[in-house]
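Only a predicted model underlies this, so the values are computations on that prediction, with no experimental measurement involved. Side-chain atoms are counted along with the backbone in the values below, which use heavy atoms only and exclude waters and symmetry mates. Start at 1 and go down the list; that is how both ligands and their atoms are numbered. The chain is numbered in sequence order, starting from 1.
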Amino acid sequence: MYAKLQRLHVVLFPFMAPVHMIPAIDVAKFFTTNHVKTTIITTPLNAPIIINSLQSTANKYVGFPIDVENVPFPSKEGGIPEGIENLDQLNSDEMTINFLKATELLQESLEQIMEKYKPNCLVADMFYPFASVVAAKFNVPRLVFHGTSYFAQCVGHVMMKYEPQKLVSSDDEEFVVPEIPHEIRLTRSQLVIDAMKGKGKHEALEEWMKIFCSAMEAKERSYGIIMNRFYELEPEYVDYYTKVMGRMAWHISPVSLCNREKEAKFQRGKDSSINEHECLKWLDSKKPKSVVYVCFGSVVKVSSLELQEIAMGLEASEQDFIWVVRRNIIDGEEVNITDWLPHEFEKRMKEKGLIIRGWAPQMLILDHEAIRAFVTHCGWNSTLDGGLIIWGSFGTWPVGGEKFYSEKLVTQVLRTGVAIGARNWNRVRSENIKPKNVMEAIRRIMVGEEALEIKKQGKEVERISKEGR
Ligand SMILES: O=c1ccn([C@@H]2O[C@H](COP(=O)(O)OP(=O)(O)O[C@H]3O[C@H](CO)[C@@H](O)[C@H](O)[C@H]3O)[C@@H](O)[C@H]2O)c(=O)[nH]1
């Protein structure tokens, strides 16, 4: 007789930011479609985002639900104003650091949930270092869900180990990243820490480094990492990560692929600022492979000057476009789109462009046959979203974080896009991007010989990645 098999149960604790929650919801769907029971922990104001996204898919066809458990956000104890429970709502570095510190107070709530469910495994965001302590207390493995590429992790690792940036004499002098399989060149001004130092943010940097180091240490101590990607996309870097760096990792394919129905592609992360039918009607009116999609992810604040440069570049490129413009908050004040948009831009672009103010149904848009290219800030989720659907047509404008690394992956390793020309992590110095740069990059990926070459390379990457899935 066989013993009755127990269904595995995983508790998933995503960080409270759209970009951490969106792939975590997809991971929950992935688990549940593989017959693993999943409970997602979040806070009351974040719960509707998760519940709405879940309602659109997995629960319908899997037969058992993904549970959502609410824990109170420690606003008062953490000094965070009532009503703020998501990174998306914060307007300054100082508030972000306070928010990250407040989340450390969630340890007790996590323990209560672990006590209640006694799961087999805890998958927690890297920004919850205390999760390793909790998992050890309940004698279960703690896995970290990581939202960047193997390439970025490998580059980050060798940068910390060898510090090649110390060998150059100026911020703009290039150095080669040592030891990794490709010859990748960076400058000091493209690195997070050096750029923050340059910005004079010593206090914020110190606090941030403490949080970051503690997250990294907990990651090292964890049982392993779940990665949102597939082997064939960056095989040399998966091997480097697992064999040379000696880390345990599971690449569970791009998790966004579990969103197969139109409804699920539409309802991701937040409520869309455009009606689904209006959006599809606009796209349907365009020729196949004729539209460039411009979006800078869920957290980056783009300055009025940069927005103006994009507007002028888009107009000069003469291509049809969808442009997603998030709320533009400068020094805590919301800047109205009409304050920086070139005079009569929208009137002139009426036939050519669609501006979405707020949140776009990105997957639904990229999935449409009218889309040819993606101008992105190189956030990893967007790189995957775009890469999977429209291989071969990226215009890259990295802004902060590890995004300069992702730009190198796209433009120099996969060779499926062109750099718009951002040279500084510190965007106060972004005067090097001009509308002409935006226009030229868009034309390079949309028309002419080079665009065809990039598209061909993209098709090849698509073939390899499809074979690998
Ligand atoms: O209007 C929008 C804007 C964004 N998204 C979605 O939001 C996510 C954005 O993610 P990403 O492209 O990774 O950008 P960020 O929001 O900037 O991501 C942060 O988190 C990523 C993963 O950790 C890091 O790679 C980035 O550097 C960091 O900025 C993607 O899934 C998009 O599909 C939408 O659906 N609609």
Side-chain angles (χ1 to χ4, degrees), residues 14-27 29 49 52-53 56 86-90 96 125-127 144-153 155-156 190-192 195 212 215 219 225-229 254-259 264-274 276 279 293-302 322-328 354-368 371 374-390 394 396-410 422 425 427:
F15 191 73
M16 287 156 278
V19 73
H20 292 244
M21 291 164 71
I22 295 169
I25 293 165
D26 291 340
V27 170
K29 291 174 184 174
I49 302 174
N52 286 346
S53 294
S56 57
N86 195 299
L87 204 70
D88 190 42
Q89 298 169 287
L90 311 175
T96 304
D125 197 279
M126 111 174 194
F127 285 114
V144 175
F145 176 65
H146 215 299
T148 94
S149 60
Y150 280 102
F151 177 81
Q153 301 224 43
V155 174
Q190 296 173 333
L191 306 177
V192 184
F212 186 72
K219 191 171 91 176
I225 299 194
I226 297 179
M227 303 283 250
N228 186 14
R229 61 205 54 92
V255 285
S256 58
L257 288 184
C258 67
N259 298 294
K265 286 177 187 156
F266 184 72
Q267 188 61 54
R268 285 189 89 225
K270 296 208 261 180
D271 287 340
S272 170
S273 307
I274 184 167
E276 181 183 343
C279 185
Y293 172 71
V294 185
C295 180
F296 278 27
S298 69
V299 284
V300 166
K301 309 249 186 294
V302 182
I322 292 186
W323 181 17
V324 187
V325 182
R326 295 179 63 237
R327 285 174 66 217
N328 190 19
L354 174 66
I355 299 184
I356 300 177
R357 295 162 159 85
W359 192 257
Q362 179 158 304
M363 271 205 88
L364 188 82
I365 292 173
L366 289 174
D367 204 23
H368 196 282
I371 300 292
F374 186 2
V375 172
T376 173
H377 68 315
C378 299
W380 183 243
N381 295 293
S382 293
T383 308
L384 274 180
D385 285 355
L388 289 166
I389 300 160
I390 47 156
F394 283 104
T396 59
W397 184 335
V399 284
E402 86 297 11
K403 299 180 193 72
F404 275 97
Y405 300 167
S406 301
E407 173 181 72
K408 306 290 174 198
L409 177 68
V410 168
W425 191 95
R427 285 156 53 231

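- Taking only nitrogen or oxygen atoms, main chain and side chain alike, Ser298 reaches within less than 3.5 Å of ligand 1.
- For ligand 1, the atoms lying closer than 4.0 Å to a non-hydrogen atom of Cys295 are 3 (C).
- In plain terms, the two heavy atoms of Leu90 and Thr96 that are nearest each other are CD1-CA, 3.6 Å.
- When hydrogens are left out, the protein atom nearest atom 28 (C) of ligand 1 is Lys403 NZ, 3.8 Å; that is the closest non-hydrogen contact.
- The shortest N or O to N or O distance between Ala360 and ligand 1 is under 3.5 Å.
- Side-chain contact between Leu191 and Tyr405: present, with at least one pair of heavy atoms (C-beta onward) separated by less than 4.5 Å.
- At a heavy-atom distance under 4.0 Å, only side-chain atoms of Glu402, from C-beta outward, approach ligand 1.
- For Lys219, the salt bridge (charged side-chain N to carboxylate O under 4.0 Å, His left out) criterion is met by no residue, not counting sequence neighbours.
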Please evaluate residues Lys403 and Val399 with respect to the criterion side-chain contact (heavy atoms from CB on, under 4.5 Å), reporting the C-alpha separation (whole Å), side-chain torsions for both, the decisive distance (0.1 Å), and the verdict. CA-CA 6 Å; Lys403 299 180 193 72; Val399 284; 4.3 Å; yes
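- Looking from atom 18 (O) of ligand 1 to the surrounding protein, the closest heavy atom is Val19 CG2, 3.1 Å.
- Heavy-atom distances between Pro18 and ligand 1 stay at or above 4.0 Å for every pair.
- Residues Ile22 and Trp359 come closest through the heavy atom pair CD1-CZ2, 3.8 Å.
- In terms of N/O distances under 3.5 Å, ligand 1 is approached by Trp380.
- The protein heavy atom nearest to atom 15 (P) of ligand 1 is His377 NE2, 3.6 Å.
- The protein heavy atom nearest to atom 34 (C) of ligand 1 is Trp359 CZ2, 3.2 Å.
- Among protein heavy atoms, the minimum distance from atom 23 (O) of ligand 1 is reached at Gly147 O, 3.5 Å.
- The protein heavy atom nearest to atom 31 (O) of ligand 1 is Asn381 CB, 3.5 Å.
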